Amino acid sequence: MRCIANCGVEFRYRTTCPRAVTVSRRTLRLILTMHGLIRLVDTAELLATELVSNAVRHTKGPAALRVRWSAGVLRIGAWDADPEPPEPPVPLEQVDDVEEGRGLALVRACADLWGWQPLARGGNRGKVVWCELAAA
């Protein structure tokens, strides 16, 4: 648990890679399993899939999956190079029968907390869309 508790984990991927979502999801499953957080795996995979899918679908630059465990809370974030905020999620019941546009609605419904923040570091701009799961 020391690795993701003290420094977090970041997995960078190319948004043009068609396997970015699958590789991110499997990497997250492995990290959580190795750190004894198996009870969070299924929900965390769903949330990471939605966040990474949005970054892949809506941006053209670099992106990364970020994972941190602190004080019994798992934070999953998808960083991308687009500084524009994500579209606000619509209620899940309004997107029940559509194939696209459910990502952040699922995140809002399944996570304990979610949000986004703009980032600027070393001349690079972008944002991170994140969510949290408590270990309760």
Side-chain angles (χ1 to χ4, degrees):
M1 180 120 37
R2 180 177 299 153
C3 179
I4 62 173
N6 293 336
C7 62
V9 174
E10 180 172 282
F11 172 70
R12 291 184 182 270
Y13 51 88
R14 294 179 191 268
T15 56
T16 56
C17 176
R19 296 185 315 193
V21 175
T22 301
V23 172
S24 295
R25 185 175 56 242
R26 289 181 181 168
T27 301
L28 178 62
R29 175 176 282 278
L30 179 62
I31 290 167
L32 295 179
T33 301
M34 288 176 51
H35 288 88
L37 299 171
I38 296 168
R39 66 194 175 281
L40 298 177
V41 167
D42 291 336
T43 304
E45 273 190 321
L46 171 68
L47 296 172
T49 297
E50 297 305 330
L51 295 177
V52 173
S53 293
N54 283 346
V56 168
R57 180 176 286 124
H58 300 295
T59 65
K60 293 181 178 32
L65 174 67
R66 295 177 173 182
V67 181
R68 179 175 290 276
W69 173 258
S70 178
V73 175
L74 178 68
R75 178 174 273 211
I76 303 165
W79 170 84
D80 64 57
D82 182 2
E84 292 299 314
E87 293 289 325
V90 296
L92 197 53
E93 34 311 322
Q94 289 181 12
V95 293
D96 201 20
D97 57 348
V98 297
E99 297 220 7
E100 290 187 2
R102 297 184 304 196
L104 287 180
L106 284 170
V107 171
R108 182 172 68 180
C110 296
D112 296 315
L113 190 63
W114 82 276
W116 77 278
Q117 62 191 68
L119 296 177
R121 190 181 314 165
N124 295 324
R125 296 172 26 142
K127 69 177 171 298
V128 64
V129 182
W130 55 267
C131 63
E132 293 182 347
L133 287 175

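Here the structure is a predicted model, which is why all the values come from computation and not from measurement. Residues take their numbers from the sequence shown, with the count starting at 1.
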Asks: Distance check, rounded to the nearest 0.5 Å: R25 atom CZ versus S53 atom OG?
Replies: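 Here the interatomic distance stands at 8.0 Å.
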Asks: Mind running side-chain contact (heavy atoms from CB on, under 4.5 Å) on L37 and R39 for me, showing each step along the way?
Replies: CA-CA 6 Å; L37 299 171; R39 66 194 175 281; 3.9 Å; yes
Asks: Restricting to non-hydrogen atoms, name the atom on I31 and the atom on H35 that form the minimum distance, rounded to 0.1 Å.
Replies: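 Closest heavy-atom pair between I31 and H35: O-ND1, 2.8 Å.
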Asks: Any non-hydrogen side-chain atom of P83 less than 4.5 Å from a side-chain atom of R125?
Replies: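 Result yes, sub-4.5 Å side-chain heavy-atom pair found.
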Asks: When rounded to the nearest 0.5 angstrom, what distance separates CH2 in W116 from CG in D80?
Replies: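 Answer rounded to 0.5 Å: 10.5 Å.
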Asks: Say you draw a straight line from CG of D112 to SG of C131; how long is it, rounded to the nearest 0.5 Å?
Replies: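 Interatomic distance, D112 CG to C131 SG, rounded to 0.5 Å: 9.0 Å.
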Asks: Mind checking salt bridge (Lys or Arg N to Asp or Glu O under 4.0 Å) for R75 and listing every partner two or more places apart, or none if nothing turns up?
Replies: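 By the salt bridge (Lys or Arg N to Asp or Glu O under 4.0 Å) rule, R75 matches E132.
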Asks: Restricting to side-chain contact (heavy atoms from CB on, under 4.5 Å), what partner residues turn up for A48, sequence neighbours left out?
Replies: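 If we apply the side-chain contact (heavy atoms from CB on, under 4.5 Å) test to A48, skipping adjacent residues, the hits are L28, L65, I76.
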Asks: Distance check, rounded to the nearest 0.5 Å: R66 atom CZ versus W130 atom CH2?
Replies: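 Result: 13.5 Å between the selected atoms.
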Asks: Between atom SG of C110 and atom CG of L47, what is the distance when rounded to the nearest 0.5 Å?
Replies: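 Atom-to-atom, C110:SG and L47:CG are 6.0 Å apart.
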Asks: If I compare all heavy atoms of K127 with all of D82, which pair ends up nearest, and what's the gap?
Replies: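 So the two residues come closest at NZ-O, 2.9 Å.
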Asks: Which residues satisfy the salt bridge (Lys or Arg N to Asp or Glu O under 4.0 Å) test with D42, sequence neighbours excluded?
Replies: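 Here the qualifying residues are R29.
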Asks: Taking all non-hydrogen atoms of both residues into account, name the closest pair between G126 and W79 and its distance.
Replies: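 Smallest interatomic distance, heavy atoms only, reads CA-NE1, 4.4 Å.
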Asks: How far apart are the closest heavy atoms of L40 and A134, and which atoms are they?
Replies: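 That closest heavy-atom pairing would be CD2-O, 3.7 Å.
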Asks: With N54, which of V129, T59, L104, V107 fulfils side chain to side chain contact (heavy atoms under 4.5 Å, CB included)?
Replies: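 Only match with N54 under side chain to side chain contact (heavy atoms under 4.5 Å, CB included): L104.
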Asks: Nearest 0.5 Å, what's the CG-CG distance between L113 and L133?
Replies: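 CG of L133 is found 10.5 Å from CG of L113.
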